[in-house]
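One structure is given here, and the rest of the page talks about it.
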Amino acid sequence: MLLRSKNPWNFVPSLYFIEGLPYSIVMLLSVILYKNLDISNTEIAFWTSLLQIPWVLKPLWSPFLEGFFKKRQWIWITQGILGLLLLSLASSLQTSLFFPLSLACFLGIALCSATHDIAADGFYILSLNEREQALFVGIRNAAYRCSMVVAQGAILIFVAYLMRIYNYRTSWSGVFIALAVLFFLASLWHRYIMPFPQSDRKTYLKKIPYKKIISSFFQEQLHFGALVFLLTYRLGEAQLLRLSAPFFLDSIQNGGLGLHNGEIGFYYGFLGVLAMLCGGIIGSAWIAKRGLVRTLIPLWAALNLPNIFYVSLALHQVQSPWLIAIFVSVEQFGYGLGFSAYMVFMLKIVENSQWKTAHYALCTGFMALGVMLPGIFSGFLQEQMGYPLFFIWLLFCSLPALAAIQVSLIPHLSTQKE
């Protein structure tokens, strides 16, 4: 109790660093783990896409959390459970049933992570005043991105180092044990350091107009063009998310580039994250200056056209580290640019809503659904088409969103003040 602090510096950076790790573990590390263990691309894409279900459904169960524990309690409890699940994941890799057991562990991590996200974001609002919230929004985003660098960069490089000494399963088990220790320490730290805001209290479910919140979102906020956009804007990128790492890891004979985990960690974890951050900052600034209507199509192009580089990589099976680094950096920079338009559009949807927080959460649920559904079948499509045709297919997948933008969104947004 003596450690308890109201200073946001003592808990905001650590809280959002921990918040970002499980998502990267489930969405990226699981793909590379299973590729290392010789699981087929079809199975990898199908099962790891389904792991996104908790983030899809997160907005629907978030009100129910209010009726059980305070947000402060949810935070350190879920962090402790995440540590236990990571230990279970490490153990599962040493069994003959490692695939179904590890999938169950990843699903538990996803469920716990989605719950932790709800609690952490709510606690941030309750524990900081308005001035502090504005001041620390950049700090929390930076901490979240740092967790991506650790998960996508440092951890993969560490796995590559361990693989020089141990086999794949032992190396990955060692990494998950280390991550479990980190989550146990985070749980203890946040249990004792976070303040006790007076407004952080349980809310009886009967006081929450749950049905009204949901119905008003579909009746007043979400028109058909917006729904199509939310579900299709990331149609190509969602499939690339499932297959980019397998493409880099696959052997030359199988159409890949024959890279190892450490190289992916460098290209995506360091260069890629830096390029994505730059793209996100520039994209947001451009939208703020020119407005969403004028920038929506160029930002759509920035998100989708860099897939041409993957077509080139697959056709020529490029081995030059410099070219690979440039192509990955440009693609991730374009992703940062394009994704900024998506985030601003979701804010536009809820700007006149009476329940902005709840409706924004529903938008993020549709965003997760738009990533999960195409990812489910992406592995099967890739194995039927081969990598070059698959990457060409991704370019065509960008057309539904472009149609929604031109036919519905731009006319709709033009009638509103930006």
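The basis for the numbers below is simple: all heavy atoms, side chains too, and nothing from hydrogens, waters or symmetry mates.
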Subject >> Contacts of Glu331 that satisfy salt bridge (Lys or Arg N to Asp or Glu O under 4.0 Å) - sequence neighbours left out >> reply: none
Subject >> Donor-acceptor pair, side chain of Ser378 and main chain of Gly375, under 3.5 angstrom >> reply: yes
Subject >> Partner of Leu29 under side chain to side chain contact (heavy atoms under 4.5 Å, CB included), chosen from Ile25, Val31, Val26 >> reply: Ile25
Original post:
Going through the checks in order, is the ring pair (Phe, Tyr, Trp, His ring centres under 6.0 Å) test met by Tyr387 and Tyr310?
Top reply: CA-CA 9 Å; Tyr387 283 113; Tyr310 280 90; 9.9 Å; no
Original post:
Are the side chain of Arg72 and the backbone of Pro195 linked by a donor-acceptor contact shorter than 3.5 Å?
Top reply: yes
Original post:
Does Ala404 offer a backbone N or O that forms a donor-acceptor pair with the side chain of Ser408 under 3.5 Å?
Top reply: no
**OP:** Sort out for me which residue in Val159, Leu162, Leu33, Ile155 forms a side chain to side chain contact (heavy atoms under 4.5 Å, CB included) with Asn261.
**Re:** Val159
Original post:
To the nearest 0.5 Å, how far apart are CG in Leu57 and CD1 in Ile53?
Top reply: 7.0 Å
Subject >> Residue pair Ile264 / Ala245: nearest heavy atoms and the distance that separates them >> reply: CD1-O, 4.0 Å
Original post:
Can you name the ring-ring contact (aromatic ring centres under 6.0 Å, His included) partners of Phe327, sequence neighbours left out?
Top reply: Phe309
**OP:** Over all heavy atoms of both residues, which pair between Phe183 and Leu82 is shortest? Give the atoms and the distance, please.
**Re:** CE2-CD1, 3.7 Å
**OP:** With sequence neighbours excluded, tell me which residues meet side chain to side chain contact (heavy atoms under 4.5 Å, CB included) with Phe377.
**Re:** none
Subject >> For Phe345, the option from Phe229, Phe339, Phe366, Trp300 that meets ring-ring contact (aromatic ring centres under 6.0 Å, His included) >> reply: Phe229
**OP:** Quick one: list whatever passes side-chain hydrogen bond (donor to acceptor under 3.5 Å, both in side chains) with Glu19, sequence neighbours left out.
**Re:** none
Original post:
Residues in side-chain hydrogen bond (donor to acceptor under 3.5 Å, both in side chains) with Ser113, at least two apart?
Top reply: none
**OP:** Could you tell me which non-hydrogen atom of His260 sits nearest to which non-hydrogen atom of Ala160, and how far apart they are?
**Re:** ND1-CB, 4.5 Å
Subject >> Residue list, salt bridge (Lys or Arg N to Asp or Glu O under 4.0 Å) with Arg234, at least two apart or on another chain >> reply: Glu237
Original post:
How many angstroms lie between CG in Leu89 and SG in Cys105, if you round to the nearest 0.5 Å?
Top reply: 5.0 Å
**OP:** Can you run down the salt bridge (charged side-chain N to carboxylate O under 4.0 Å, His left out) pairs that involve residues 77-96, sequence neighbours left out, and say none if there aren't any?
**Re:** none
Subject >> Thr78 side-chain N/O to Ile75 backbone N/O, donor-acceptor pair under 3.5 Å >> reply: yes
Original post:
Quick one: does Arg242's side chain have a donor or acceptor within less than 3.5 Å of a partner on Met372's backbone?
Top reply: no
Original post:
Is Phe46 atom CZ crowded by more than 12 heavy atoms from other residues, nucleotides or ligands, each under 6.0 Å away?
Top reply: yes
Original post:
What's the shortest heavy-atom distance between Gln319 and Ile252, and which atoms?
Top reply: NE2-CD1, 3.2 Å
Original post:
Taking atom types as modelled, is there a side-chain donor on Gln382 or Asn41 under 3.5 Å from an acceptor on the other?
Top reply: yes
Original post:
So, Ser284 side chain and Ile281 main chain: donor-acceptor pair closer than 3.5 Å or not?
Top reply: no
Original post:
Taking only residues two or more places apart in sequence, or in another chain, which ones meet Phe266 in a side chain to side chain contact (heavy atoms under 4.5 Å, CB included)?
Top reply: Phe270, Leu271
**OP:** Using ring-ring contact (aromatic ring centres under 6.0 Å, His included) as the criterion, list what pairs up with Tyr16, not counting sequence neighbours.
**Re:** Tyr124
**OP:** Sequence neighbours left out, what passes side chain to side chain contact (heavy atoms under 4.5 Å, CB included) with Cys397? Give chain and number order.
**Re:** Leu235, Gln239, Trp393
Original post:
Does one side chain, of Gln52 or Tyr23, offer a donor that lies under 3.5 Å from an acceptor on the other?
Top reply: yes
Original post:
With no hydrogens and no angle check, is any side-chain donor or acceptor of Asn167 less than 3.5 Å from a backbone partner on Arg169?
Top reply: yes
**OP:** State which residues pass side chain to side chain contact (heavy atoms under 4.5 Å, CB included) with Leu111; sequence neighbours excluded, sorted by chain then number.
**Re:** Pro54, Trp61
Subject >> Inter-residue atom distance Ile193.CD1 - Asn10.CG, 0.5 Å rounding >> reply: 5.0 Å
Original post:
Could you walk me through whether Ser171 and Tyr161 pass the side chain to side chain donor-acceptor pair (under 3.5 Å) check?
Top reply: CA-CA 9 Å; Ser171 299; Tyr161 170 75; over 6 Å; no
**OP:** Evaluate the ring planes of Tyr233 and Tyr342, with Trp represented by its six-membered ring, and classify them as parallel (under 30°), tilted (30 to 60°) or perpendicular (over 60°).
**Re:** parallel
**OP:** State whether the side chain of Thr170 and the backbone N or O of Tyr166 hold a donor-acceptor pair below 3.5 Å, judged by distance alone.
**Re:** no
**OP:** Could you tell me whether Trp172 and Tyr168 have their ring centroids closer than 6.0 angstrom?
**Re:** no
Original post:
Do any N or O atoms from the side chain of Gln317 and from the backbone of Ala314 form a donor-acceptor pair under 3.5 angstrom?
Top reply: no
**OP:** Taking His116 for its side chain and Cys112 for its backbone only, find out whether a donor-acceptor pair lies under 3.5 Å.
**Re:** no
Subject >> Any residue meeting side-chain hydrogen bond (donor to acceptor under 3.5 Å, both in side chains) with Ser173, in chain and number order, not counting sequence neighbours >> reply: Gln94
